[in-house]
Amino acid sequence: MALIWNSFKMFHRMGFDGAKLTQSTYTSVIKLCANTKELEFAKQIHCQVLKNGIGFDHNISTGLMVTYSKCNEMDNASKIFSMMHDKNVVPWTAMIAGYLQNGKMDQAVNLFTQMNKEGLRPNNFTYSIILTANSIVSPFQVHAQIIKTNYDRYSSVGTALLDAFVKLGNVNEAAKVFELIDEKDIVAWSAMLAGYAQVGDTEGAVRIFRRLAAEGVKPNEFTFSSVINACAASAAAVEQGKQFHAFSIKSRLNNALCVSSALVTMYARKGNIESANEVFKRQGERDLVSWNSMISGYAQHGHGKKAHEVFREMQRNNMEMDGITFIGVITACTHTGLVDEGQQYFDIMVKDHHINPTMEHYSCLIDLYSRAGMLEKAMDIINMMPFAAGATMWRTILAACRVHRNLDLGKQAGEKLISLQPQDSAAYVLLSNMYAAAGHWQDRAEVRKLMDERNVKKEAGYSWIEVKNKTYSFLAGDRSHPLSVRIYSKLEDLSTRLRDAGYQPDTNHVLQDVDDEHKEAILSQHSERLAIAFGLLATPAGVPLQIFKNLRVCGDCHTVIKLISTIEKRDIVVRDTNRFHHFKEGLCSCGDYW
DNA sequence: CTAGGGTTAG
C-alpha cells in the first residue's frame with residue numbers, strides 16, 4: 001500500500017517539476033488506479049489528459065475504462081469507449097468485462113454480438129469473460145463457436161467453459177472440457193475440484209487432487225479450499241478432510257482465509273464441532289464468511305447458546321452481517337426451541353440491519369414455529385409473507401403436523417405438497433406416517449395406493465459408520481454384514497440391559513399396522529441401532545462413535561441411544577438429515593427438542 | 001491495455 005502511495009506522490013512531483021509526462025507514464029499510473037480503485041485520482045488524470053492534449057491512445061483510454069468499470073461508473077466508461085476510433089479487440093473486451101462486473105448482462109452480450117458483427121474476432125480473453133455471463137449465454141453454444149478457434153485448449157478459456165458447465169450442474173460435460181485443456185494451470189485444476197465439490201463427489205475431487213500432485217503442480221489456497229469443501233460432502237469420510245487439513249499446514253496455506261473457513265465448515269458438517277471451533281479460534285483475521293461458518297456450525301449442532309455468543313462477538317467487533325448470519329442464528333434458535341429469540345433475530349435483521357428477508361428467512365421462521373408446535377403461527381407467516389409457499393415450507397408444516405398430531409392441517413399441507421411435487425416420496429411418506437401414528441389405517445392405505453399408482457418409490461432409510469477409514473452402512477433389519485450374527489447378539493444383550501435400566505419401547509414410532517410384539521422387533525432393528533451395535537463391537541471401549549443417517553432419528557431410537565451412551569460409557573454423535581445429536585451420559589445435546 | 005478458479009444457509 002505504501003509503495004502505491006509513493007508512486008502517486010512521485011507522479012505528482014513529476015507534474016510540479018515539469019518533467020515530461022509521457023504516454024507510458026500515464027498508462028502506468030492509470031493501471032495503478034485501476035488496481036487500487038483510485039477513482040478520484042483517475043478522474044484527475046482524465047482531465048489532465050483532456051487539457052494537455054496528450055494523445056488519447058488506446059492504452060490510456062482502456063486503462064481509464066477499466067478504472068471506471070471497477071468503480072461502478074459505467075457511464076464514464078462507456079463515454080470513453082464510444083469516443084475511441086479503430087478499436088481493436090482489447091477495448092471491446094475490457095468494456096464487455098466492465099458490464100459483466102457491474103451485473104449488466106444484457107449490455108455485455110449486446111456488445112459481444114455487435115463486436116462479432118463488425119468482424120472483430122474475439123480472442124481467448126473475450127471468450128473467458130463472456131462465459132461468466134452464464135445466465136444469458138449457453139455454454140453449449142459458445143463451446144461450438146470456441147471449438148472452431150481451438151481456444152478451448154487454452155487453460156483460461158477451458159476453465160471458464162468448464163466452470164459454466166459446473167454452474168449448470170453438468171459436471172460430466174465440465175470434466176470433458178477439462179481433459180481437453182493442453183496445459184492445465186492451477187486455476188484449471190482448482191476449478192475442476194470446485195466442480196466435484198459442488199456435486200458432492202468427494203472421490204472425483206480426490207482423484208483430481210492426486211493427479212495434480214503427481215504432475216508436480218503446486219496447490220494454492222483456492223485448490224485447498226475447493227478440495228476441503230469437497231470433503232464436507234455428506235458421504236465423505238471424516239479422515240479425508242483431516243488429511244487435506246494436514247497437507248494445507250505442510251504447504252503453509254492453512255491460514256489463508258478461504259482455507260480456514262472451508263475447514264470450519266468441513267469439520268462442522270462432519271460432526272466435529274470442536275475441531276471446527278479450534279480452527280475458528282486460530283484464525284488471525286476473519287471475514288463475514290468465517291463468522292457465518294462458525295454460527296451455522298453451532299446451529300447445525302444445536303448449540304444455540306454458542307451460536308448466540310459468536311453473534312455477540314461479531315457485534316462487538318462491528319462486523320457487518322448479512323442474511324446468512326441471520327439464517328444461522330434463527331436456525332440455532334429453532335434447534336434449541338428458543339421461539340421468541342428466533343423471532344427477535346428476524347425483527348432485528350429487518351429493523352436494525354435493513355436486510356430484506358428472503359424466502360429462506362421465512363422458511364426459517366416457519367420451521368421455528370412448526371417445531372415448537374405453534375402451527376397457527378406458522379400458517380400466519382405463510383399467509384402474510386410476500387412469497388408463495390414452496391414445497392419446502394409445506395413439508396415443514398406437514399412434518400410438524402405429524403409430530404403434533406394436527407390431522408386437518410396436515411391433510412391440507414400434504415395435498416399442497418403432493419400437488420407441487422407429485423413424484424417426491426417425502427410427501428406421501430409423511431402423510432401416511434401421520435395417519436399411521438393417529439391410527440387412521442384407512443387414510444393411510446389410500447395414500448399408499450396413490451403412491452403405488454403414481455409409481456413413487458420410498459427412499460430407504462439407512463445409517464452408516466466409519467471405522468478405520470472404512471464406511472459400513474446398514475439398512476433396517478439388515479443381515480448382510482459379515483459380522484451380522486455378532487451384531488444381532490450385541491443388540492439382544494443391549495436390549496436386556498436397556499430393560500434393566502427401565503426402558504419401555506415406544507411403539508408409536510412404528511408405522512406399520514402390526515401387533516405390539518412385532519413392533520418392538522422392528523424398532524430394535526432400526527438401521528442406526530445396527531450401526532451403533534457394530535461400532536461398539538468394532539472399536540475399543542471409550543472411543544466415541546459417529547453415526548450418519550439419511551432420514552431423521554425416530555423418538556424411540558433417540559431414547560435408546562441416550563441410554564446406550566450411559567450403559568456403554570460412550571459418547572455417540574448421530575447426524576440425521578436435519579442436525580447433529582450429541583449423546584453423552586444419558587443426555588442429548590438437543591435436549592430432546594428436535 | 002482485456003481473462004478464467006474458492007468459502008457461509010436450506
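What you see is a predicted model; the values in this text were computed from it and never measured.
- Side-chain rings of A:Tyr267 and A:Phe280 stay apart, their centers remaining 6.0 Å or farther from each other.
- Note: CE (A:Met349) to C1' (B:dA9) measures 12 Å, nearest angstrom.
- If you check residues 199-213 of chain A against DNA chain B, you find no residue with a heavy atom closer than 4.0 Å.
- With B:dT8, B:dG4, B:dT2 as the candidates, the nucleotide lying closest to the side chain of A:Ser156 is B:dG4.
- Nearest to the side chain of A:Val289, among B:dA3, B:dT8, B:dG5, sits B:dT8.
- Here the side chain of A:Thr331 is nearest to one of B:dG5, B:dG10, B:dT8, namely B:dG10.
- One interatomic measurement links the two molecules: OH of A:Tyr154 to P of B:dG5, which rounds to 19 Å at whole-angstrom precision.
- Salt-bridge annotation for A:Lys167 and A:Asp163: present, with a side-chain N of the basic residue lying under 4.0 Å from a carboxylate O of the acidic one.
- Between the side chain of A:Arg575 and the backbone N or O of A:Gly271 there is no donor-acceptor pair closer than 3.5 Å.
- The ring pair (Phe, Tyr, Trp, His ring centres under 6.0 Å) with A:Phe81 is formed by just one residue from the set A:Tyr68, A:Trp92, A:Tyr99; it is A:Trp92.
- Rounded to whole Å, atom C1' of B:dT8 lies 12 Å from atom CE of A:Met294.
- Taking all atoms of both residues into account, the shortest heavy-atom contact from A:Ala236 to A:Cys231 is CB-O, 3.4 Å.
- Contact of A:Asn220 with B:dG5 (side chain to base): a donor-acceptor pair of N or O atoms is detected under 3.5 Å.
- Look at NZ on A:Lys70: it is 13 Å from P on B:dC1, rounded to the nearest Å.
- Contact check, A:Gln300 against B:dA9: a side-chain N or O comes under 4.0 Å of OP1 or OP2.
- The side chain of A:Glu360 lies closest to B:dA9 when the candidates are B:dA9, B:dT2, B:dT8.
- Contact annotation: A:Asn578 side-chain N/O to B:dG10 OP1/OP2 distance is not under 4.0 Å.
- A heavy atom lying under 4.0 Å from DNA chain B marks the following residues of residues 179-191 of chain A, by number: A:Asp185, A:Ile186, A:Val187, A:Ser190, A:Ala191.
- We find that CD1 of A:Ile30 is positioned 12 Å from P of B:dT2, with the value rounded to whole Å.
- Applying the 3.5 Å distance criterion, the base of B:dG4 shares a donor-acceptor pair with the side chain of A:Ser155.
- Within the nucleic acid shown, A:Thr265 comes within 4.0 Å of sugar-phosphate atoms alone, with no base atom in reach, counting heavy atoms only.
- Within the 4.0 angstrom heavy-atom criterion, only backbone atoms of the sugar-phosphate kind lie near A:Ala194; the bases stay farther away.
- Under the 6.0 Å cut-off for aromatic ring centres, A:Phe209 and A:Phe244 qualify, their centroids lying closer than that.
- Base engagement by A:Ile324 is indicated by at least one non-hydrogen atom pair under 4.0 Å involving a base atom.
- Here the side chains of A:Ile30 and A:Thr62 are not in contact, with every heavy-atom distance at 4.5 Å or above.
- Under the 6.0 Å cut-off for aromatic ring centres, A:Phe224 and A:His245 do not qualify, their centroids lying 6.0 Å or more apart.
- When each of B:dG4, B:dT8, B:dG10 is scored by its nearest atom to the side-chain atoms of A:Ala160, the top-ranked nucleotide is B:dG4.
- Distances from the side chain of A:Asn59 to the nucleotides B:dC1, B:dG5, B:dT2 place B:dC1 closest.
- Without hydrogens or angle criteria, A:Asn102 side chain to A:Lys104 main chain gives no donor-acceptor distance under 3.5 Å.
- A sub-4.0 Å separation between OP1 or OP2 of B:dA9 and a side-chain N or O of A:Arg269 is present.
- Across the protein-nucleic acid pair, A:Phe580 atom CZ and B:dG10 atom C1' stand 15 Å apart, rounded to whole Å.
- Put simply, CD1 on A:Ile129 is 11 Å from P on B:dG5, counting in whole angstrom units.
- Within a 6.0 Å sphere centred on CD of A:Gln141, heavy atoms belonging to other residues, nucleotides or ligands number 12 at most.
- If you check B:dG10, B:dA3, B:dG4 against the side chain of A:Thr132, the one that comes closest is B:dG4.
- A:Ser128 contributes no side-chain N or O that forms a donor-acceptor pair with the base of B:dG4 under 3.5 Å.
- Under the 3.5 Å distance criterion, the side-chain polar atoms of A:Ser251 are left unmatched by any main-chain donor or acceptor of A:Leu253.
- In this entry the distance linking CG of A:Leu193 with C1' of B:dG5 reads 10 Å, nearest Å.
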